[in-house]
Amino acid sequence: MTSPSLDKADAADTLTGGPRRRRTLRGVRGGAPLPLLLPALIGLAFLVLPLVALLVRAPWRSMPELLTSTEVWQALQLSLVCATAATAVSLVIGVPLAWLLARVDFPGRGLVRALVTLPLVLPPVVGGVALLMALGRNGVVGKWLDAWFGITLPFTTTGVVIAEAFVAMPFLVISVEGTLRAADPRYEEAATTLGASRFTAFRRVTLPLIAPGIAAGAVLAWARALGEFGATITFAGNFPGRTQTMPLAVYLALQNDPAAAIALSLVLLAVSIAVLAGLRDRWMTAS
């Protein structure tokens, strides 16, 4: 009489192709042929070496003095405020947009999704030029804002927030839309059959279900907004204390004070590592 454990082992052997198959898979996973291993190591070195060089050349002794200087502190404070404001804007208009793409079937939805994700592949400088053409003083919409309300957006702190939201919101939309597609819509349908409106079902049922996806998207959008350069300098300019964010300060300091540029770069690097660490449970799985 065979034991249950042996029966389970035989069944596992049958499903996986037998013990030899399991040993082969284990060997493929553990080994690496040289033609693949060598390029992989070169690729790893290519990505890691610049970061290591940044740490090696960092002025660690003068780091506190550099990071507490007036110019650096202004850029850091402005970056944090504008990135947070851009993330808030992305949440307010990006979450409903993600819900629309995930839950509503309408003509041209694929085109709308392509337009929403376009800033991901669009060169940031082109995005800044497009914002100028739309919201500049002589822009398609900007001229009416200036004439009717006296509102001028380019080269202002508000312009920084708009530029950062433009390039960062697609990260939030993609994350939330993916989470919505993975969530079971029957919970919303059950809520509506019990008398809840669509908005109440969204607020009471859907939002708690997709909260992790919203949080992950918000973190990605915040990190992207914090590191934005091209659209910001094109649409908002580079004025210290008003529109000069950390990436712009790094670019300016690299010409005059390389040590300050390295110090600011390390701050951005630390933020990026913190973002990856915060999202490790979502994107990384244990082997």
Leu122-Leu115 co-clustered via ILVMFWY side chain contacts under 4.5 Å: no
Ile214 reachable from Leu97 in the ILVMFWY side-chain graph, under 4.5 Å edges: yes
Any donor-acceptor N or O pair under 3.5 Å, side chains Trp99, Thr206: no
Under 3.5 Å donor-acceptor, Ser175 side chain and Ala216 backbone: no
Straight-line distance of Ser90 OG to Leu220 CG, nearest 0.5 Å: 11.5 Å
Derivation and outcome, side-chain contact (heavy atoms from CB on, under 4.5 Å), residues Val121 and Leu118: CA-CA 6 Å; Val121 296; Leu118 186 60; 4.1 Å; yes
Co-members of Val56 in a cluster of I, L, V, M, F, W and Y side chains, linked at under 4.5 Å: Leu44, Val48, Val52
Verdict with supporting geometry, Glu164 and Thr245, side-chain contact (heavy atoms from CB on, under 4.5 Å): CA-CA 11 Å; Glu164 291 180 351; Thr245 58; 3.9 Å; yes
Gln74 and its side chain to side chain contact (heavy atoms under 4.5 Å, CB included) partner, picked from Leu76, Leu78, Thr70: Thr70
Contact summary for Leu91 and Ala218, nearest pair of heavy atoms: CD2-CB, 4.2 Å
Pairwise distance OG1(Thr243) to CD1(Ile233) - rounded to 0.5 angstrom: 8.5 Å
Audit row: Leu266, Leu268, side-chain contact (heavy atoms from CB on, under 4.5 Å) steps and yes/no: CA-CA 5 Å; Leu266 286 176; Leu268 292 175; over 6 Å; no
Arg204 atom CZ, over 12 foreign heavy atoms within 6.0 Å: no
Interatomic distance, Leu153 atom CG to Leu135 atom CG [nearest 0.5 angstrom]: 5.5 Å
Spatial distance of atom CG (Asn238) from atom CZ (Phe155) [nearest 0.5 Å]: 11.0 Å
Test item: Leu264 and Ile262 side chains (from C-beta on) under 4.5 Å apart, heavy atoms: no
For Arg61, all residues meeting side chain to side chain donor-acceptor pair (under 3.5 Å), sequence neighbours excluded: none
Side chains of Val126 and Val129 in contact at under 4.5 Å (non-hydrogen atoms): no
Heavy-atom closest contact (Ala165 atom, Val89 atom, distance): CB-CG1, 4.3 Å
Residues, nucleotides or ligands: over 12 heavy atoms within 6.0 Å of Arg137 CZ: no
Partners meeting side chain to side chain donor-acceptor pair (under 3.5 Å) with Ser272 (sequence neighbours left out): none
Contact list for residues 223-252, test ring pair (Phe, Tyr, Trp, His ring centres under 6.0 Å), sequence neighbours left out: Phe229-Tyr251
Transitive ILVMFWY side-chain link Leu80 to Val160, under 4.5 Å: no
Minimum-distance pair of heavy atoms, taken over all atoms of Phe106 and Val112: CE1-CG2, 3.8 Å
By salt bridge (Lys or Arg N to Asp or Glu O under 4.0 Å) - contacts of Glu228 (at least two apart): Arg224
Heavy-atom donor-acceptor pair, Thr234 side chain to Ala231 backbone, under 3.5 Å: no
Leu180 side chain near Arg103 side chain, heavy-atom distance below 4.5 Å: yes
For the student: nearest non-hydrogen atoms of Thr87 and Ala83, plus distance: OG1-O, 2.8 Å
Thr200 and Ser197 side chains, donor-acceptor separation under 3.5 Å: yes
With sequence neighbours excluded, residues passing side chain to side chain contact (heavy atoms under 4.5 Å, CB included) with Ala259: Pro59, Leu66, Asp257
Thr179 side-chain N/O to Ile210 backbone N/O, donor-acceptor pair under 3.5 Å: no
Test item: Arg242 and Thr156 side chains (from C-beta on) under 4.5 Å apart, heavy atoms: no
Least distance between heavy atoms, Arg203 atom then Leu207 atom: O-CB, 3.7 Å
ILVMFWY cluster, Trp148 and Leu145 together (side-chain gap under 4.5 Å): yes
Inter-residue atom distance Thr232.OG1 - Gln244.CD, 0.5 Å rounding: 12.0 Å
Close side-chain approach of Val161 and Phe166, heavy atoms under 4.5 Å: no
Leu269 and Leu54: CA distance, side-chain angles, deciding distance, side-chain contact (heavy atoms from CB on, under 4.5 Å) verdict: CA-CA 10 Å; Leu269 177 61; Leu54 191 64; 4.2 Å; yes
Heavy-atom closest pair, residues Cys82 and Thr157: SG-CG2, 3.8 Å
Cluster overlap Met169 with Val167, hydrophobic side-chain contacts below 4.5 Å: no
